Amino acid sequence: MKANEDACRLLNWEHNEVPLNMGGYKYDKTTKTFPVFINYDKRDDIQDTIKYEDHFTSRSSLIAISKQSRTVESEDVQNFLHAKERGIDVELFVRKNKDDKISKEFYYLGRMTATGNTNEFIMTNTDKTAVEEEFYEFCVFSSFIFWIDWPVGIII
């Protein structure tokens, strides 16, 4: 999937968003959809302010990190935490590594729900705050977990 362009179209957004404007996630008020794009493996040489440490804690839960300079009170964090009550669909897309020569596509893992567990912290080697949020209830197939765990980008 061509992440942003395809996701915007599939979620019925009026306009496509360029990746830079989306920056990992973006809420669309018209459709009440909130796609989240995670690059699972990140290069070591990227800036500390974008070195998010998103990670799966089990087959059905994920720790996701907000954009930099966010607090628990930030609007986007509040939309994640209260998505169900606000009627917002938070959709998860993951790719192993954006530099992978074999597969650069994102895989849709499904709708996810915040548990309410958060941890506000200062990002390593920066003075920027971010919020660690726990999510659950997305569709994870055993073949995808195999793909994440092994260095070869093969799905069986």
Side-chain angles (χ1 to χ4, degrees), residues 1-42 46-47 49-118 120 128-148 153-156:
M1 161 178 285
K2 294 177 190 167
N4 300 24
E5 184 180 314
D6 288 346
C8 291
R9 188 176 63 252
L10 291 170
L11 297 172
N12 294 317
W13 287 22
E14 290 180 19
H15 306 284
N16 285 335
E17 289 288 335
V18 296
L20 188 59
N21 290 346
M22 198 168 268
Y25 59 79
K26 186 168 183 168
Y27 175 58
D28 182 70
K29 291 180 183 179
T30 304
T31 61
K32 293 188 130 185
T33 55
F34 208 153
V36 176
F37 298 94
I38 293 177
N39 289 305
Y40 200 75
D41 290 334
K42 295 161 186 78
I46 64 173
Q47 296 173 338
T49 55
I50 59 171
K51 199 177 281 186
Y52 304 111
E53 297 179 4
D54 310 296
H55 60 280
F56 291 99
T57 56
S58 74
R59 291 175 55 99
S60 61
S61 68
L62 166 77
I63 300 295
I65 310 301
S66 72
K67 295 177 181 179
Q68 64 162 321
S69 302
R70 300 301 199 272
T71 67
V72 173
E73 289 80 30
S74 297
E75 183 179 358
D76 56 348
V77 174
Q78 286 296 305
N79 278 338
F80 283 130
L81 294 175
H82 302 290
K84 196 173 236 178
E85 302 92 78
R86 296 177 180 182
I88 299 170
D89 293 331
V90 181
E91 310 289 352
L92 177 61
F93 299 85
V94 177
R95 70 177 162 193
K96 185 171 182 182
N97 183 318
K98 72 178 187 174
D99 298 322
D100 190 318
K101 290 180 179 25
I102 297 170
S103 176
K104 294 183 181 198
E105 292 86 14
F106 278 89
Y107 293 87
Y108 175 65
L109 295 188
R111 193 166 288 152
M112 63 181 184
T113 305
T115 64
N117 297 332
T118 61
E120 194 171 308
K128 305 291 184 186
T129 59
V131 179
E132 182 179 85
E133 303 166 71
E134 183 178 19
F135 291 92
Y136 70 96
E137 276 190 4
F138 47 84
C139 173
V140 177
F141 302 102
S142 60
S143 60
F144 183 78
I145 296 301
F146 174 85
W147 176 74
I148 289 293
I154 297 174
I155 296 185
I156 57 171

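We're numbering straight along the sequence, starting at 1. These numbers come from a predicted model, not from an experiment.
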Subject >> Side-chain donor or acceptor of E120 paired with backbone N/O of V72 under 3.5 Å >> reply: yes

Subject >> Atom pair CG (L10) and CD (E91), whose distance is rounded to the nearest 0.5 Å >> reply: 10.0 Å

Original post:
How far does NZ of K67 sit from CG of D76, to the nearest 0.5 angstrom?
Top reply: 6.5 Å

Subject >> N12 and D28, any side-chain heavy atoms less than 4.5 Å apart >> reply: no

**OP:** Quick one: closest heavy-atom pair of S69 and K128, and the distance?
**Re:** OG-CD, 3.4 Å

Original post:
Is there side-chain contact between Y136 and T113, with at least one heavy-atom pair below 4.5 Å?
Top reply: yes

**OP:** Would you check if L92 and I38 make a side-chain contact, meaning some heavy-atom pair closer than 4.5 Å?
**Re:** yes

**OP:** Return the set of residues passing ring pair (Phe, Tyr, Trp, His ring centres under 6.0 Å) with F34 (not counting sequence neighbours), or none when no residue passes.
**Re:** Y25, Y27, F80

Original post:
With I63, which of E133, E53, E132 fulfils side-chain contact (heavy atoms from CB on, under 4.5 Å)?
Top reply: E132

**OP:** Please say whether more than 12 non-hydrogen atoms of neighbouring residues, nucleotides or ligands are located less than 6.0 Å from CD in E85.
**Re:** yes

Subject >> Under 3.5 Å donor-acceptor, T129 side chain and R70 backbone >> reply: yes

Original post:
Is any side-chain heavy atom of P35 closer than 4.5 Å to a side-chain heavy atom of L11?
Top reply: yes

**OP:** State which residues pass side chain to side chain contact (heavy atoms under 4.5 Å, CB included) with R86; sequence neighbours excluded, sorted by chain then number.
**Re:** Q78, N79, H82, I88

**OP:** Taking all non-hydrogen atoms of both residues into account, name the closest pair between F37 and A7 and its distance.
**Re:** CZ-CB, 3.5 Å

Original post:
Does D89 reach the main-chain N or O of T33 with its side chain, forming a donor-acceptor pair under 3.5 Å?
Top reply: no

Original post:
Which atom names give the shortest non-hydrogen contact between N16 and C8, and what distance separates them?
Top reply: OD1-CB, 3.5 Å

Subject >> Spatial distance of atom CG (L81) from atom CG (N117) [nearest 0.5 Å] >> reply: 9.5 Å

